[in-house]
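To find a chain, count down the sequence lines: A is the first, B the second, and so on, and within it residues start at 1.
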Amino acid sequence: MTYHPKSDFMHVMMTRGYLADCTDYQGLDEALMSGVVTAYIGYDATAQSLHVGHLLNIMMLRWLQKTGHRPITLMGGGTTKVGDPSFRSDERPLLGPEQIDANIDGMKQVFAKYLTYGDGKSDALMLNNAEWLDGLNYLDFLRDIGKHFSVNRMLAFESVKSRLDREQSLSFLEFNYMILQAYDFLELNRRYGCVLQMGGSDQWGNIINGIDLTRRVLDQEIFGLTSPLLTTSDGRKMGKSQGGAMWLNADMLAPYEFWQFWRNSTDADVGRFLKLYTEMPLDECNRLGALAGAEINEAKIILANEVTTLCHGADAAAAAEATAREVFEKGGVGDDLPTLELSSEEVADGISIVQLIVRAGLAKSGKEAKRLIAENGARIDDAPLTDAGLMLDRAALSSPVKLSAGRKRHALVRVAG
RNA sequence: GGGGAGUUGGCAGAGCGGUCAAAUGCGGCGGACUGUAAAUCCGUUGGGGCAACCCACCUAGGUUCGAAUCCUAGACUCCCCA
């Protein structure tokens with residue numbers, strides 16, 4: 001299937017590695033050639049922030065806009081009340097409406113950095129499917145929409161089938177998710193002329209359902225396009241690292257740590273990540289990704305700078321780089337390191353080093369902090385820490401102190417005032 | 001409504017009266033080697049506390065010198081039948 005696309009958007013998707021599958025390459029390509037195409041990606045409001053795993057799709061929307069088309073970011077205010085069962089082994093806990101709204105607010109902040117919203121032809125739209133899902137009347141919905149779905153067929157979708165095969169129960173509530181998502185696509189087509197849904201390849205089944213439904217109800221031919229589910233080249237899921245999710249909101253993950261995440265990419269991923277997560281020219285991505293040995297470290301820094309600039313701005317990227325150079329190349333201290341601020345009352349009676357390590361985020365529990373010390377992994381101002389019972393008083397903290405866990409993780413502790 | 005199975009550490013999954021904080025694997029963390037890489041090797045890995053020590057195998061009681069393991073009640077999950 002070596003289709004040669006004529007449209008800019010398809011060309012970018014194919015050459016930069018965003019494309020896993022498409023329902024109709026030629027049809028979509030032609031639609032993109034003949035005018036402004038409106039496309040959407042849906043986001044479930046299951047967390048307070050988007051994370052690196054979402055970034056791929058956000059970049060797709062950004063390219064869509066750059067190539068002259070109109071992106072829609074659809075918040076799943078309604079569908080999140082149901083929960084997407086696709087390829088999940090267990091049911092997610094149901095979220096309450098307040099939580100969902102709060103999550104949507106958190107997620108919206110990020111989109112504005114990548115997309116231009118407004119009323120122009122290719123300005124992005126921010127929508128929430130609660131708008132049409134919340135008010136649905138059950139019987140009407142069953143008669144108008146439900147009649148188009150075959151349970152036999154729904155059961156055959158891989159996303160559902162795998163769950164049933166493993167004898168894991170699937171509640172009726174979750175089973176309805178794909179119908180609601182299909183309905184979203186139909187509504188978006190009706191209201192905004194949206195003709196393309198994009199998503200990760202785990203969304204293939206859901207997307208197909210929307211296309212079928214729209215064909216049956218409106219007799220409209222629309223398209224679906226999926227991106228590969230990314231794993232790092234050592235086989236881990238994208239976006240999980242050091243145990244925690246790589247959030248895109250600055251208040252949940254400091255830009256410095258975001259920068260570090262990219263800086264620590266595996267060699268084999270660098271070229272691919274440059275293509276997917278930055279807008280650098282392809283040749284340059286290939287050249288940088290092909291650097292061998294220690295040289296590729298410079299490419300990793302470029303990658304970190306580019307991605308951080310998009311997400312947090314050029315200043316944040318520069319600050320992160322400066323701190324990283326200071327800390328790793330000179331063994332010093334940078335302003336951008338994660339910092340724990342203590343009030344003077346807190347240190348009045350002294351504070352244990354174990355507490356400091358935990359509160360600075362270098363260990364998850366006191367036990368872990370002690371273990372770190374016992375394993376000679378902890379340092380204070382670069383001096384090895386040997387005494388887990390060490391107490392620090394106000395004098396010891398009169399100037400900021402650098403704590404380190406292992407070679408890579410550092411934090412500052414200072415007393416306010 | 002009836003019958004059965006289950007609930008163990010971040011996850012998977014052993015254990016079925018003492019030697020169990022609990023095998024093993026994954027994941028995590030630290031170290032060596034390097035390039036803030038990968039692979040490999042070594043170590044470590046429930047929680048609270050400065051400590052002594054305390055809490056811990058769904059919850060609440062109980063039996064025992066002694067319980068993750070036995071009994072009773074409850075909560076939740078799954079399967080089969082109606």
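- Rounded to the nearest 0.5 angstrom, A:Arg379 CZ and A:Leu403 CG are separated by 10.5 Å.
- Figure legend. B:rG1 is base-paired to B:rC81; pairs are counted as Watson-Crick or G-U wobble with both atom distances under 3.5 Å.
- Going from atom CH2 of A:Trp259 over to atom C1' of B:rU36 covers 9 Å, rounded to whole Å.
- With P as the reference atom, B:rC16 and B:rC71 are 15 Å apart, rounded to whole Å.
- For A:Phe258 and B:rU36, the CZ to C1' distance is 17 Å, given to the nearest whole Å.
- Rounded to the nearest 0.5 angstrom, A:Met13 CE and A:Met198 CE are separated by 6.5 Å.
- Within the shown strands, nothing qualifies as a pairing partner of B:rU19 under the Watson-Crick or G-U definition with both distances less than 3.5 Å.
- The separation of B:rC58 from B:rG10, taken at their P atoms, amounts to 13 Å, rounded to a whole angstrom.
- Nucleotides B:rA37 and B:rU59 place their C1' atoms 48 Å apart, quoted to the nearest Å.
- Figure legend. B:rG6 is base-paired to B:rC76; pairs are counted as Watson-Crick or G-U wobble with both atom distances under 3.5 Å.
- Between A:Asp123 and A:Gln65, the closest heavy-atom pair is CA-NE2, 3.7 Å.
- Taking a cutoff of 4.0 Å between a charged side-chain nitrogen and a carboxylate oxygen, A:Glu341 and A:Arg359 do not qualify as a salt bridge.
- Heavy atoms of A:Gly293 sit under 4.0 angstrom from at least one base atom.
- Searching all strands for a Watson-Crick or G-U wobble partner of B:rC57 with both distances below 3.5 Å returns nothing.
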Give the table of side-chain donor-acceptor pairs shorter than 3.5 Å for residues 179-187 of chain A, with sequence neighbours excluded, one pair per line with atom names and distance.
unit_1, atom_1, unit_2, atom_2, d
A:Gln181, OE1, A:Asn206, ND2, 3.3
A:Gln181, NE2, A:Gln197, OE1, 2.9
A:Gln181, NE2, A:Gln203, OE1, 3.2
A:Tyr183, OH, A:Glu187, OE2, 3.1
A:Asp184, OD1, A:Trp132, NE1, 2.8
A:Asp184, OD2, A:Asn129, ND2, 2.8
A:Glu187, OE1, A:Arg191, NE, 2.7
A:Glu187, OE1, A:Arg191, NH2, 3.4
A:Glu187, OE2, A:Arg190, NH1, 2.6

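- Within 4.0 Å (heavy atoms only), A:Gln260 reaches at least one base atom of the nucleic acid.
- Taking atom NZ of A:Lys300 as the reference point, atom P of B:rU34 lies 17 Å away to the nearest angstrom.
- Rounding to whole angstrom units, CD1 of residue A:Ile351 and C1' of B:rG49 are separated by 14 Å.
- Rounding to the nearest 0.5 angstrom, the gap separating the CG atom in A:Leu50 from the CG atom in A:Leu55 is 9.0 Å.
- Look at NZ on A:Lys367: it is 10 Å from C1' on B:rC53, rounded to the nearest Å.
- Rounded to a whole Å, the CD atom of A:Glu329 is 8 Å from the P atom of B:rU36.
- Proximity note for A:Lys370 (side chain, C-beta onward) versus B:rG35, B:rG49, B:rC50: the nearest is B:rG49.
- Note: CD (A:Glu174) to C1' (B:rC78) measures 14 Å, nearest angstrom.
- B:rC26 and B:rU77: their P atoms are spaced 33 Å apart (whole Å).
- Spacing between B:rC42 and B:rG4 at atom C1', rounded to whole Å, works out to 48 Å.
- The pairing partner recorded for B:rG43 is B:rC29, the criterion being a Watson-Crick or G-U wobble arrangement whose two distances lie under 3.5 angstrom.
- The line from CG of A:Asp336 to CD of A:Gln260 is 10.0 Å long, rounded to the nearest 0.5 Å.
- Along RNA chain B, the nucleotide nearest to A:Ile301 and the one nearest to A:Met391 differ in position, and the one closer to the 5' end is contacted by A:Ile301.
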Give me, pair by pair, the N or O atoms of the protein and of nucleotides 30-32 of chain B that are less than 3.5 Å apart, along with how far apart they are.
unit_1, atom_1, unit_2, atom_2, d
B:rG30, OP1, A:Ala405, O, 3.4
B:rG30, OP1, A:Arg409, NH1, 2.8
B:rG30, O2', A:Glu375, O, 3.1
B:rA32, OP1, A:Arg407, NH2, 3.4
B:rA32, OP2, A:Arg407, NE, 3.3
B:rA32, OP2, A:Arg407, NH2, 3.3

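- A gap of 14 Å separates the P atoms of B:rA67 and B:rG61, to the nearest Å.
- In this structure a side-chain-to-backbone donor-acceptor pair under 3.5 Å is present from A:Arg62 to A:Tyr114.
- Nucleic acid contact for A:Ile353: none, since no nucleic acid atom lies under 4.0 Å from a heavy atom of the residue.
- Residue-environment remark: CD (A:Glu326) exceeds the threshold of 12 foreign heavy atoms within 6.0 Å.
- Look at the P atom in both B:rG48 and B:rU24: the space between them is 23 Å, to the nearest Å.
- Of all nucleotides listed (B:rU36, B:rC50, B:rG35), B:rG35 comes nearest to the side chain of A:Ile296.
- The shortest distance between the side-chain N/O atoms of A:Lys364 and the OP1/OP2 oxygens of B:rG9 is not below 4.0 Å.
- B:rA22 and B:rG47: their P atoms are spaced 13 Å apart (whole Å).
- At whole-Å resolution of the value, CD1 in A:Ile357 and C1' in B:rG49 are 15 Å apart.
- Nucleotides of RNA chain B nearest to A:Ser365 and A:Ala268 differ in position, and the one nearer the 5' end is that of A:Ala268.
- When heavy atoms are screened at a 4.0 angstrom cut-off, A:Arg371 is found touching the sugar-phosphate backbone but no base atom.
- One finds a side-chain N or O of A:Gln355 lying less than 4.0 angstrom from the OP1 or OP2 phosphate oxygen of B:rG49.
- A salt bridge between A:Lys402 and A:Asp382 is present, with a side-chain N of the basic residue lying under 4.0 Å from a carboxylate O of the acidic one.
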